[in-house]
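Letters A, B, ... mirror the listed sequences (proteins, then strands); counts begin at 1.
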Number of protein chains: 2
Amino acid sequence: MSLVHISTPKPKDVTQKVVDALALAIHEHRLAPATKLGEDEIGEIYNVSRTVVRAALQSLAHIQLVEIQRNKGAFVASPTPREAREVFEARALLEPRTARSAASRATPNDIEILKDHIAKEHAALDVGDNGRALNLSGRFHIEIARIADQDTIRRFIETLIARSSLVIALYWRRESALCESHAHHALVQAIADGDEQNAEELMQSHLVDLNSALDFRDRPAQTLNLRELLQATDQ
Amino acid sequence: MSLVHISTPKPKDVTQKVVDALALAIHEHRLAPATKLGEDEIGEIYNVSRTVVRAALQSLAHIQLVEIQRNKGAFVASPTPREAREVFEARALLEPRTARSAASRATPNDIEILKDHIAKEHAALDVGDNGRALNLSGRFHIEIARIADQDTIRRFIETLIARSSLVIALYWRRESALCESHAHHALVQAIADGDEQNAEELMQSHLVDLNSALDFRDRPAQTLNLRELLQATDQ
DNA sequence: TGCAGCAATATTGTATACAATAAAGTATAT
DNA sequence: ATATACTTTATTGTATACAATATTGCTGCA
């Protein structure tokens with residue numbers, strides 16, 4: 001199942017296409033948190049029926065990229081400061097160990113793939129396409145989880161990376177240093193060397209760095225969120 | 001979202017009812033791995049349309065309690081030995097830390113809830129209802145994650161517990177000692193005492209014990225699985 | 001008998017139609 | 001002029017209808 005999700009050419013899975021398109025838009029920050037995702041609207045855009053749109057939205061809701069409110073509709077998720085903190089706490093718990101595993105298992109081909117990711121990331125940054133760079137940075141982390149060869153934990157990390165995109169959209173503080181490809185580079189080196197200890201520590205400090213670039217104190221305060229938060233008549 | 005999932009009375013969420021009913025049946029081992037879950041059939045049982053059945057099945061597929069094969073249908077998941085091992089590896093990574101957190105945060109009321117769980121577990125075992133006992137044992141672990149007050153990790157643990165049910169159905173070795181409520185009792189004591197270190201270690205050894213009661217060497221070899229594995233024409 | 005190809009059946013994938021709920025607008029009364 | 005009740009509109013929730021695919025059974029032939 002999970003393998004299928006990764007590797008298949010997917011001749012005709014319309015739902016997945018919609019899922020991927022929406023997820024990409026969110027990851028690249030083209031869809032802002034709390035944006036309403038009307039079923040008819042999306043259906044018209046992709047020329048599919050509401051049936052498949054609903055399936056896609058439910059799929060995205062499961063990984064918490066969108067939030068569905070009964071009889072209200074689907075919205076791009078808007079993590080609270082608390083949720084945002086939790087996402088990075090969970091990443092700190094899972095990813096260092098995963099990087100260690102990756103260091104013990106990576107093949108030369110895997111290293112090539114990682115370096116390729118970094119190169120693309122640089123290219124995107126040079127062009128000024130921060131959205132794409134952010135997305136690639138996330139996929140870099142997912143790639144490490146894949147190399148670690150633990151499907152279950154990889155799936156968890158995938159959802160955390162996805163949500164990180166939203167967290168960054170809401171709580172990013174600094175202007176520059178968007179994805180510290182320097183850290184990524186060092187990490188690849190450790191993994192290539194099979195240096196498990198170093199890989200684990202580098203990943204840990206990388207996540208600490210990321211965390212320190214976020215500011216969870218002030219909350220989103222988006223129009224849509226405000227409105228729904230004020231009326232506590234939620235069922 | 002996740003909070004809603006826990007606390008709301010849910011006046012009319014038909015889909016969730018179907019999800020819960022099917023999940024319970026799987027957890028209690030009334031539905032065996034690889035069982036076909038026809039849409040019409042389930043719809044007739046619960047008097048709902050295929051629309052909601054499909055939504056429910058997709059929801060269950062996401063937490064990997066069922067596997068959906070395109071144009072083939074939905075089946076109760078049947079974890080491979082490898083997947084089974086991964087589930088418990090992930091639990092070993094997440095749950096000890098979570099138990100530690102729970103020990104640092106638990107209120108007297110939380111302790112009551114945990115003790116209540118254990119009591120129910122005993123009662124079910126006395127009646128000989130192993131399915132219900134297993135389900136309660138799983139909910140005990142989820143309860144600890146709830147006390148730890150980390151929604152994100154709790155959700156991960158919930159999916160792992162759910163899959164553990166299937167793993168146990170397929171790979172359980174021993175006859176007796178189904179849920180070692182002794183271990184649960186000691187764990188509650190440590191949490192009640194706020195003894196973080198002990199709680200973490202007890203959870204770790206508890207999971208090791210569970211793992212040692214499983215035998216991943218021989219694979220399921222179910223009729224349905226065999227058939228689909230032999231024909232590698234999957235898309 | 002056994003197999004190949006085709007026909008019939010059943011099941012899933014998708015689209016549409018109807019029902020229920022929420023949101024918005026309007027009119028009336030104070 | 002504001003607030004409240006009602007009406008209208010829009011959107012989601014659910015059921016059904018149709019299309020596509022897979023499975024099964026049959027027929028004919030070697």
Side-chain angles (χ1 to χ4, degrees), chain A residues 1 4-5 8-19 21-22 34-61 66-76 223-235, chain B residues 1 4-5 8-22 34-62 66-76 223-235:
Chain A
M1 191 54 189
V4 170
H5 179 263
T8 51
K10 263 163 214 156
K12 308 175 188 175
D13 193 340
V14 194
T15 301
Q16 194 60 38
K17 280 188 182 175
V18 178
V19 168
L22 289 175
T35 303
K36 171 76 185 279
L37 301 172
E39 297 178 356
D40 276 321
E41 197 176 351
I42 295 172
E44 284 170 18
I45 291 171
Y46 298 109
N47 286 310
V48 291
S49 73
R50 278 181 55 216
T51 305
V52 357
V53 173
R54 280 178 74 84
L57 289 174
Q58 284 169 359
S59 183
L60 291 167
V66 317
E67 178 182 353
I68 294 177
Q69 295 177 290
R70 184 173 178 85
N71 290 324
K72 301 276 185 66
F75 305 81
V76 177
T223 59
L224 281 168
N225 259 19
L226 274 183
R227 188 180 301 177
E228 83 201 12
L229 285 176
L230 292 182
Q231 56 186 30
T233 62
D234 183 28
Q235 307 228 20
Chain B
M1 192 55 190
V4 170
H5 178 265
T8 51
K10 262 162 216 156
K12 310 175 189 177
D13 194 339
V14 194
T15 301
Q16 194 60 38
K17 279 188 182 175
V18 177
V19 169
D20 292 341
L22 289 175
T35 303
K36 171 77 184 280
L37 301 173
E39 297 178 356
D40 276 321
E41 197 177 349
I42 295 172
E44 285 169 18
I45 291 171
Y46 297 110
N47 286 309
V48 292
S49 73
R50 278 181 56 217
T51 305
V52 357
V53 173
R54 280 178 73 85
L57 290 174
Q58 284 170 358
S59 183
L60 291 167
H62 181 91
V66 318
E67 179 183 352
I68 294 177
Q69 295 176 290
R70 184 173 177 88
N71 289 325
K72 299 278 183 64
F75 305 82
V76 178
T223 59
L224 281 169
N225 260 21
L226 276 182
R227 188 181 299 176
E228 82 198 14
L229 285 177
L230 293 183
Q231 57 185 31
T233 61
D234 183 29
Q235 309 224 21

Nucleotide C/dG13, atom C1' - distance to NZ of A/Lys17 in whole Å: 15 Å
Spatial distance of atom CD (A/Glu67) from atom CZ (A/Phe75) [nearest 0.5 Å]: 8.0 Å
Please report the distance, rounded to the nearest Å, between CD in A/Glu41 and P in D/dA10. 14 Å
Roughly how many Å is it from CD in A/Glu39 to C1' in C/dT21, rounded to a whole number? 13 Å
In this structure, how many angstroms lie between the C1' atom of D/dT14 and the CG atom of B/Asp13, rounded? 12 Å
How long is the span from the CG atom in B/Asp40 to the CD atom in B/Glu44, to the nearest 0.5 Å? 6.0 Å
Could you pull out all donor-acceptor pairs under 3.5 Å where a side-chain atom in residues 45-59 of chain A meets a protein atom, sequence neighbours excluded?
unit_1  : atom_1 : unit_2  : atom_2 : d
A/Ser49 : OG     : A/Thr51 : N      : 3.3
A/Arg50 : NE     : A/Glu39 : OE1    : 2.8
A/Arg50 : NH2    : A/Glu39 : OE1    : 2.9
A/Arg54 : NH1    : A/Glu39 : OE2    : 2.8

Output one letter per nucleotide in nucleotides 15-22 of chain D: B when a protein non-hydrogen atom lies under 4.0 Å from the base, S when only the sugar-phosphate is that close, - when neither is. BBB---SS
Reported CG-to-CG distance for the pair B/Leu60 and B/Leu22, which is rounded to 0.5 angstrom: 6.0 Å
Under 4.0 Å between a side-chain N/O of A/Lys36 and OP1 or OP2 of D/dT12, yes or no? yes
For atom CG of B/Leu37 and atom P of C/dT11, their distance in whole Å: 13 Å
Whole-Å distance separating the CD1 atom of A/Ile42 from the C1' atom of C/dT14: 17 Å
Could you give the CG-to-P distance, from B/Asp40 to C/dG13, as a whole number of Å? 12 Å
